[in-house]
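Worksheet for the structure shown next.
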Amino acid sequence: MAAELILKEGREKSLLRRHPWIFSGAVAEVRGDTDKGGEIVIRDAKRRFLARGAFSPESQLAARVWTFQENEAVDASFFERRFQRAFELRKAVFGGTLPDACRLIHAESDGLPGVTVDLYGDYAVCQLSSAGAEFHRAELTAAVLRYAKGAYERSDLDSRIKEGLEPRTGPLGGEELPETIDFTENGVRFRMNPRTGHKTGFYLDQRCSRRAVAEAAAGARNVLNCFCYTGGFGLAAIHGGAEHVLNVDSSAAALELAQENAGLNGIPPERFETQEADVFQFLRQCRDRGKTFDLIVLDPPKFAETAARLPKAARAYKDINLLALKLLSPGGKLFTFSCSGAMEEPLFDKVIDSAACDADADFRITGRLSQGPDHPVAANFPESRYLKGIAGIKLGTL
């Protein structure tokens, strides 16, 4: 008989709305024994069934829901069904055929908390970040290999430590992955390294935003791509018709791969430059030198891991956007992003408004951007919408 997690009185409301998280503060008691990540039946204070989930005794997230169906067993066929449903969703949003590279499993949004699977051609790169995902790694690996020849694990995540798990990387199953994998997105060739790249090797969530930058770059003489990583937005800008792109990042290894990506697309070095630098300092140097750009992309790393870090993060977001707005030519375009889940859209709007005011910039928001359709947002789990983007034009100074 499965162990039971009993909620405190009145703490079942989120589960009745099908939210998949149970925080430790909502737990009245746990009855029976289960392993870390093992199955637990979640009940309200009156012992009525709510869900089946994975138990994580060392985390603030005491349990994550696998299913709200009382009679649905969490076994190998359960994971196969979840993967098949996710696969059919991607086929639907991409017109029947999956692109070269895309996200197959987006954790809670696909009913698989703590499970991320990205496909790059014939191979998968996976992250198992929760106790439940770790407990079911054998079943999950089998499900992955129905869609890929080989799978590699990139569970080198701080979130695993919060679950009482050690970070893990290495082959997960099937064929060994090559050192690098090439793929095409929106007509641009990319090369990624599954073993050393950020996340699973590439930021697949910015697919739609890169296309938007390409469309906006036609006629741009000079583009500044900040926190460029392996050059995705810079390559998109060149593909869209920009004359020159300067890509700035603090990682020499990322910039080297950015140059490789430029070579894959036949872009001459004089049109696609890279510079290793701290972006904050670099923007200040450009301001002091009176440099201007027709289009600027700001795609920084996550500044706010938690809500407690939001004030400091907001100052950092304002700093880079204020500087970028000063560097934009009249009529210049800004694409600015936040991947911090704790940074909600209204606050991000206020940060951009404050930056424009302090920069004395007459700035117009012309569009909003978010993660691509292979990173779906579940209606019952709004936290799955983490990426926020603003596109706008600087008309001049106030």
Checklist entry - Does the ring center of Y120 lie less than 6.0 Å from the ring center of F202? => result no
Next on the checklist: Test of understanding: clusters of I, L, V, M, F, W, Y form through side-chain heavy atoms closer than 4.5 Å, transitively. Do L5 and L16 belong to the same one?
Outcome noted: yes
Next on the checklist: If we count only N and O atoms by modelled type, under 3.5 Å, do the side chains of E80 and Q84 hold a donor and an acceptor together?
Outcome noted: no
Checklist entry - For the atom pair NE2 (H136) and CG (L128), what is the distance rounded to the nearest 0.5 Å? => result 11.5 Å
Item to check | Ion pair check, D205 and R210, cut-off under 4.0 Å | outcome: no
Next on the checklist: Quick check on the hydrophobic clustering: are F293 and I390 connected, directly or via other members, by side-chain heavy-atom contacts under 4.5 Å?
Outcome noted: yes
Checklist entry - Is the CG atom of D33 crowded by more than 12 outside heavy atoms at less than 6.0 Å? => result no
Checklist entry - With a 3.5 Å cut-off and no angle check, do the side chains of T169 and E153 form a donor-acceptor pair? => result no
Next on the checklist: Here's a test for you: under side chain to side chain contact (heavy atoms under 4.5 Å, CB included), which of N261, I267, N265 qualifies with F272?
Outcome noted: I267
Checklist entry - Looking only at side chains, do S129 and R160 share a donor and an acceptor under 3.5 Å apart? => result no
Checklist entry - How long is the span from the CG atom in D353 to the CZ atom in F348, to the nearest 0.5 Å? => result 12.5 Å
Item to check | Neighbour count above 12 (heavy atom, 6.0 Å) for E273 CD | outcome: yes
Item to check | Polar side chain donor-acceptor pair, S56 to E163, under 3.5 angstrom | outcome: yes
Checklist entry - How about R221: does its CZ atom have over 12 heavy atoms from other parts shown lying under 6.0 Å from it? => result no
Checklist entry - Do Y317 and F303 have their ring centres less than 6.0 Å from each other? => result yes
Checklist entry - Around atom CD of E270, are there more than 12 heavy atoms of other residues, nucleotides or ligands at under 6.0 Å? => result yes
Item to check | Salt-bridge present (D358, K318; N to O < 4.0 Å) | outcome: yes
Checklist entry - For D249 and S251, does a side-chain donor sit closer than 3.5 Å to a side-chain acceptor? => result no
Checklist entry - With hydrophobic residues grouped by side-chain heavy-atom distances under 4.5 Å, do F227 and L246 end up in a single group? => result yes
